[in-house]
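Naming convention: chains lettered A, B, ... in sequence-line order (proteins, then strands); numbering from 1 in each chain.
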There are 2 protein chains.
Amino acid sequence: MSDQKTSHDTRDRILDIAERLFMENGYEATSMRMITGAAEVNLAAVNYHFGSKEALLREVFRRRLSWLNRERLQALDRLEGQAGGAPLKPSQILEAFFGTLLRMGEDEALGGMTFLRLLGRTLTDPAEFIRNFFAGEYAEVIDRYKLALFRALPDVPKAEIVWRLHFMLGAMSYAIAGTDVLQVVTGCGLGDLAGESGSGGPGDLVVARRLAQRLMPFLLGGLRAPLPQSIELPSQQQEPSR
Amino acid sequence: MSDQKTSHDTRDRILDIAERLFMENGYEATSMRMITGAAEVNLAAVNYHFGSKEALLREVFRRRLSWLNRERLQALDRLEGQAGGAPLKPSQILEAFFGTLLRMGEDEALGGMTFLRLLGRTLTDPAEFIRNFFAGEYAEVIDRYKLALFRALPDVPKAEIVWRLHFMLGAMSYAIAGTDVLQVVTGCGLGDLAGESGSGGPGDLVVARRLAQRLMPFLLGGLRAPLPQSIELPSQQQEPSR
DNA sequence: ACTTCGCTCAAACGTTCGTTTGAATCTTAA
DNA sequence: TTAAGATTCAAACGAACGTTTGAGCGAAGT
């Protein structure tokens, strides 16, 4: 209906619509015709501007991740500058890494919760080109934060820290992306954190902030949990209580 | 090559192959022809035995989840019987819920790590029929465990417990399913836990056991982490350190 | 005025998808 | 032996997929 092509040219409109549809349906179940139809552009526009459907998905992520990971590195630089050579506190590192991401959810211009949900979902997508893409986009950031955590927790084996980084990433991604499933299953989800429901609404701001408030203590508690008694165990040993 | 149709009729062979292919490629990217080709059965066999591709996926999950969730309920019954009315310890509840799942990964007859990976991946699938299916399969188990956690942590608001249940489910699912991505990203994954690599190998037994050993302390640490200072916060308040 | 270039458009390309069909084959029991 | 039922089979169905094509359009440069 409304014909405002001023601030929204074809390229950006495709990216915005694709971001939302990939989030709602997944990559495979979202067709070019769904995207171009919703964006009200010609079917061939995607291949003209991006080359292929795969390249479109990569570009959807690149414009957000390049900003996010640059911001994350700057946050770490800032903290390490303030610390003056001393190791950072785990809480500072988590705040820089996860807080920066969750703050994207409050900013509609950065994709808001739509992008956060898409990111969490796509991390488990088995498509190979997606794995390769993420590996390249995340390599530097993960490496820097891994080192920061190693220094922050000198008594914890490095392999253990990397595993707990996995766990933390999973907890965060599911809290955002898996909500539609878990909400149905547990009877509680992101919708309960705000008055409004549905992605892209004005309630996203408060959702992201309250989610961070609940998530950060959990992550910190898990990261600093006592280590398992023994790394190697001979055989079964299945005692439920400690 | 080997022609042993004795213990493996068409139905079961389809289920086993579909379980692996859905895990490797996802639901949408796995075609009927891939499944029937790998299972060496006729293309029409799936529709004959199961009715549709959706029904096949449901049956792949049903035969595993019915066992898993029955086992989970029995484990909880056993613990509550031993406690004689007293609240359970959080560690006992987590062991019953997550330990039962992780022990499936050690048993090839129960799907092993293949099923665990598939389960973790599919929980974030946005398809509606999948969400509805899981909601039904998990309803009773989640309800029982929610109540057990409420009793185990009487000082923690119930909403907070449900959120931490989300976080725990996410940490576990990503640790299993998201490994292919995270391994590339973090340079450490399930493969490092065993001598062998690849799903379905003999290393799966030790992988599942060592994963549990790393995961359970993390989950327990997150579950029992101190609560956020204030549930309501007026505005920004962005202090990185505590 | 004319060419150039970036972009849009309708139409079609060949392929693959999930599903259906009806005959052929196997199994079982009277 | 024969009839009935269950299962497998090759073949085809219509629909939807991602991509390509070549004509057409409007603004910019000379």
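Between A/Ser31 and D/dA16 there is no side-chain polar atom (N or O) within less than 4.0 angstrom of OP1 or OP2. Contact between the side-chain N/O atoms of B/Thr10 and the OP1/OP2 oxygens of D/dT8 is found at a separation under 4.0 Å.
For B/Glu95 and B/Arg103, the salt-bridge test passes: some basic side-chain N is under 4.0 Å from an acidic carboxylate O. Under the 4.0 Å criterion applied to side-chain N and carboxylate O atoms, A/Arg78 and A/Glu71 are not assigned as salt-bridge partners.
For the salt bridge (Lys or Arg N to Asp or Glu O under 4.0 Å) test, residues two or more places apart in sequence or in another chain that qualify with A/Arg164 are A/Glu160. Applying the salt bridge (Lys or Arg N to Asp or Glu O under 4.0 Å) criterion to B/Arg11, with sequence neighbours excluded, gives B/Glu59.
To the nearest angstrom, C1' of D/dA16 lies 14 Å from CD of A/Glu28. Straight-line distance from the CE atom of A/Met32 to the P atom of C/dA12: 20 Å, rounded to whole Å. Atom-to-atom, CD of B/Glu54 to P of C/dC17 comes out at 17 Å; the value is rounded to the nearest Å. Between the CD1 atom of B/Ile35 and the P atom of C/dG18 there is a distance of 8 Å, rounded to whole Å. Atom P of nucleotide D/dC17 and atom CG of A/Asn25 are separated by 11 Å, given to the nearest angstrom. If you take CZ of B/Arg33 and C1' of C/dT20, they are 12 Å apart, rounded to a whole angstrom. Atom CG in B/Asn42 sits about 13 Å away from atom C1' in C/dA23, given to the nearest Å. Residue A/Leu56 contributes atom CG, which lies 15 Å from atom P of D/dC17 at whole-angstrom precision.
Panel note: side chain A/Arg131, backbone A/Pro126; a donor-acceptor pair is recorded below 3.5 Å. The main-chain N or O of A/Leu165 is never found under 3.5 Å from a side-chain atom of A/Lys146 such that the two would form a donor-acceptor pair.
You'll find the ring centres of A/Tyr27 and A/Phe129 inside the 6.0 Å limit.
Residue contacts shown for B/Thr30 are limited to sugar-phosphate atoms, with no base heavy atom under 4.0 Å away.
A heavy atom closer than 4.0 Å to some atom of DNA chain C occurs in B/Leu43, B/Ala44, B/Asn47, B/Ser52, B/Lys53, these being the qualifying members of residues 43-53 of chain B.
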